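Note that the structure is predicted; figures quoted are calculated from it, not measured. Here is how names work: the chains are called A, B, and so on, in the same order as the sequence lines, proteins then strands, and each is numbered from 1.
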There are 2 protein chains.
Amino acid sequence: MTREELHAKIKAQLATFDANDWLLLVREQQAADIADELQQMEADEVHQLLVALPDEELAELFGYFTNTQQDTLLALFTNSDKARLLAAMAHDERVDIYNRLSSEIQSKILPKLAKKEQEDILRLAAYEEGTVGALATSAYVAIRAHMSVGEALQYVRSHAAGMETIYQMYIVDGKQRLLGTLSLRELMTNEDDALISEIMNTELVSVNAQDPRQVAADMIRRYDLLALPVINGGDKLIGIVTVDDAMDVDVEESTEDFHKGGGTLALKDVSIRDASTKTMFLKRAPWLLVLVFANMFSGEVLEYYEDTILTYVALVFFLPLLVDSGGNAGSQSATLMVRALATGDLHMRDWLKTLGREFWVALLLGGAMAIAVFGLGVYRGGLEIAMVVSLSMVLIVIAGSMIGMLLPFILSKFKLDPATASAPLITSIADFVGVMLYFYIAVQMLGMPN
Amino acid sequence: MTREELHAKIKAQLATFDANDWLLLVREQQAADIADELQQMEADEVHQLLVALPDEELAELFGYFTNTQQDTLLALFTNSDKARLLAAMAHDERVDIYNRLSSEIQSKILPKLAKKEQEDILRLAAYEEGTVGALATSAYVAIRAHMSVGEALQYVRSHAAGMETIYQMYIVDGKQRLLGTLSLRELMTNEDDALISEIMNTELVSVNAQDPRQVAADMIRRYDLLALPVINGGDKLIGIVTVDDAMDVDVEESTEDFHKGGGTLALKDVSIRDASTKTMFLKRAPWLLVLVFANMFSGEVLEYYEDTILTYVALVFFLPLLVDSGGNAGSQSATLMVRALATGDLHMRDWLKTLGREFWVALLLGGAMAIAVFGLGVYRGGLEIAMVVSLSMVLIVIAGSMIGMLLPFILSKFKLDPATASAPLITSIADFVGVMLYFYIAVQMLGMPN
């Protein structure tokens, strides 16, 4: 079925609703596609279609909406519908929703859930957003070490319903401590009478619930895992993170780093398509205003050299070129460094080695750019100006590159986010340094005007 | 075992090699961690340790090395070792390696492989790098529609060895056409005597082998898949892409977009830690040099207004601030747009709606920045200069934002990579426009000097 056909079928349901047809459509089509179509429609129409679905289908579709959309829809749900939604949703997703409800509504809904669900929500709700704990689900398959492969297979088959994944099993003791892991593949390729304790993996890869969620995604990607066990301060298994959530984390965290790299505060859980003018303003204004003040220092330097400017006005013609070149080279370095630190391609300990190479690269780049600009310098300002401009170019590109390379490392060193070293920030710093270098060199080579 | 202990154990193997100890170490520890340690060592040492391993362990470790490191090591391998490596490696990875060998070595190694392996390599080698086909593996579980669940389970158990995943099965006919899919979970939760044809999913999600690899990663992430079937022009199943490869694609493509966003040509398959000065120079110089020439237009404009500059020298003090602000606002917009287009958060059709909002956001941002700079304008240049600077600020920020927003859309429209709209490129364009606007407004408000 094409997306246009799907769109038409959903629209048709709004006109002449048929519960069976609608359920059949939802069951046969990809939930992501249906959710996409619903997101284009009015909230009350979506509400009407959603609550007509059984728990499982309702919960699956609901999970695809953005936080803003979920909140809008939830306001239309009765408390009973809210409760059946929470009961059926993936454990990690429902905690997010629960945490966004008012405490008044929380206290009304919680008693409507089964005891086990209540405990599960309260336990996961304790973890801060952005941590592994908030991403974890407790719907995993736990087996005991004394089981045989045949018993474990039978157990998995009969307990698969509601589990986030059945492909990775966790062996725990009576105190919920993680003893080992076993994949369904390993289970299936062993003989039925082998003991779990004999075949389980005991070199454990796990993540702490308090760690940032990117840590879990990095481990899942690094070790090619389908799921990663999450433990609390002790060895107690509190849940697992699955690979599909890890993929979403990778993309979301990259997006945040992109936004920061462009000098915008990260837009979390907001689609750019739907973001309001106010949201966009508030995310973009802070850095722009900070940079206005940072840029005033460049003006200060220029004012100091007023007489030089009046005497050699041709210097001004090269001002945008020179300061931009420093900023551009710096943006390149900063972007390369920020990303390499984020992906683990570079570590803090590599900074000195990287600095050495950066110097030679910057010298070559500055040299090439100086040659490119020399001719124009002669043409517009004469040989002396050309020499000032070329020498300045080399030094400004080196300075810009060094700033761009070092700032992310320095931010990292002080436990700050290296992604803060955005292109606009580097440009502004490089500008200030560039203006100073340029006029200092000019005065040295051309002499101070009387 | 900590990383320090692992490091010490590997080093100890170099001193007093013991094949059994070494194999035990490799089997018990995470391959990614061992590969990490090996990557810090000399190639001949690594070679010596690697070739002492059985095929499977050799192949798994080898897969973790970067392309450059793989090529260095391969040069030390005998052709027989090369052949046993290729035979044992993951099908998608070995094609990459095969494609990088000289045709002379290719023709020496290929005959050493089993007929089936030869065909597999040659088939996948036909797909261009960066396509889904080059990422696909043919080691998937194919079953027939007439099997029962019990038969299929038995088949999976006995054919698991060497398969990339057994958690997703593909139902094909005699002509290798894809008829349906079935997860191991669905298989296990059905009764043993159910027929595959009755329970398989026939609403297929698949990807074309010629599509860019990001398409496959996007689908896997969107539909929460563990594997995605890859078909050729017809309906013929040629392989699958697994979620672990999709995760790597997401991160690698994001990294390329980051590099482009910073004005660097993408560094592919090269670790920044290991990249040579020459590589870094060649990746960074092109855009910097292009931007040098682009920036010369700003100089042209300034030369045109030479008399204005000499009469109102205070205008120069605000030049870096104004042109930077336009570039910064533009970098913000471009970064937001490029990323939103890449993640599918925005589509081409949204451009008009986005443009409208962008105008209002830019007006507010420009207004706020104009207010911030007005006082300083009065202090440094008097009321008239302050008014010129403030009005210019508003218009320059609007212009910069519009350029930053529209350029990615325009590039997309012409089937070019929107990520080319890098912060440095936007800055340079915004500078030129900014200088023109600034001096045009100055002449209009202050009058042309005599």
Is any side-chain heavy atom of Glu306(B) closer than 4.5 Å to one of Val316(A)? no

Tightest non-hydrogen contact, residues Phe258(A) and Ser254(B), listed as CZ-O, 3.8 Å

What one should report as the nearest heavy-atom pair of Ala372(A) and Val292(B) is CB-CG1, 4.4 Å

Under 3.5 Å, side chain of Arg357(A) to main-chain N/O of Ala275(B), donor-acceptor pair present?
-> yes

Applying a strict 4.5 Å limit to non-hydrogen atoms, the region of Ile272(A) in contact with chain B is both

Between the CG atom in Asp431(A) and the CG atom in Leu321(B), the distance rounded to the nearest 0.5 Å is 10.0 Å

Hits for side chain to side chain donor-acceptor pair (under 3.5 Å) against Lys260(A), two or more places apart or cross-chain, chain-then-number order -> Asp417(A)

Smallest heavy-atom separation, Asp224(A) atom then Tyr64(B) atom, equals OD2-OH, 4.1 Å

When the 4.5 angstrom heavy-atom criterion is applied to Val338(A) and chain B, the contacting part is neither

The interface call for Thr165(A) against chain B, heavy-atom contacts under 4.5 Å, is backbone

Max heavy-atom pairs within cutoff under 4.5 Å with chain B, candidates Gly299(A), Ser422(A), Ala217(A), goes to Gly299(A)

Note: vs chain B, highest number of non-hydrogen pairs under 4.5 angstrom among Leu425(A), Leu319(A), Val251(A) is Val251(A)

More than 12 heavy atoms of other groups within 6.0 Å of Tyr223(A) OH:
yes

>> So does Glu28(B) get a backbone contact from the side chain of Glu203(A), meaning a donor-acceptor N/O pair under 3.5 Å?
In response: no

Honestly, the part of Phe293(B) sitting under 4.5 Å from a heavy atom of chain A is side chain

Nearest heavy-atom contact between Leu187(A) and Arg157(B) is O-NH2, 4.2 Å

Pair count under 4.5 Å, heavy atoms only, with chain B: among Asn328(A), Leu291(A), Thr335(A), Val156(A), highest is Asn328(A)

Taking side chain as C-beta onward, heavy atoms only, is Lys278(B) less than 4.5 Å from Leu364(A)? no

Checking Asp250(B), Asp244(B), Asp248(B) against Arg221(A) for side chain to side chain contact (heavy atoms under 4.5 Å, CB included), the one that qualifies is Asp248(B)

Applying a strict 4.5 Å limit to non-hydrogen atoms, the region of Asp345(A) in contact with chain B is both

Residue set satisfying side chain to side chain donor-acceptor pair (under 3.5 Å) with Glu303(B), at least two apart, ordered chain then number -> Arg380(A)

- With no hydrogens and no angle check, is any side-chain donor or acceptor of Arg284(B) less than 3.5 Å from a backbone partner on Ala329(A)? yes

Do Gln30(A) and Arg222(B) have side chains that approach each other closer than 4.5 Å (heavy atoms only, starting at C-beta)? no

The interface call for Ala32(B) against chain A, heavy-atom contacts under 4.5 Å, is both

Would you call Thr264(A) and Leu336(B) a side-chain contact if the rule is heavy atoms closer than 4.5 Å? yes

Of Arg339(A), Met337(A), Met247(A), the largest count of non-hydrogen pairs under 4.5 angstrom with chain B goes to Arg339(A)

Honestly, the part of Ala340(A) sitting under 4.5 Å from a heavy atom of chain B is side chain

Heaviest contributor of heavy-atom pairs below 4.5 Å to chain B, chosen from Val243(A), Leu302(A), Thr189(A), Leu322(A), is Leu302(A)

The reported gap from NE2 in His259(B) to CD in Gln332(A) (rounded to nearest 0.5 angstrom) is 11.0 Å

Of Thr354(A), Asp257(A), Thr343(A), Val435(A), the largest count of non-hydrogen pairs under 4.5 angstrom with chain B goes to Asp257(A)

In terms of heavy-atom contacts, Arg185(A) and Tyr167(B) come closest through N-OH, 2.9 Å

Correct closest heavy-atom pair for Ser428(A) and Asp324(B) would be CA-OD2, 3.9 Å

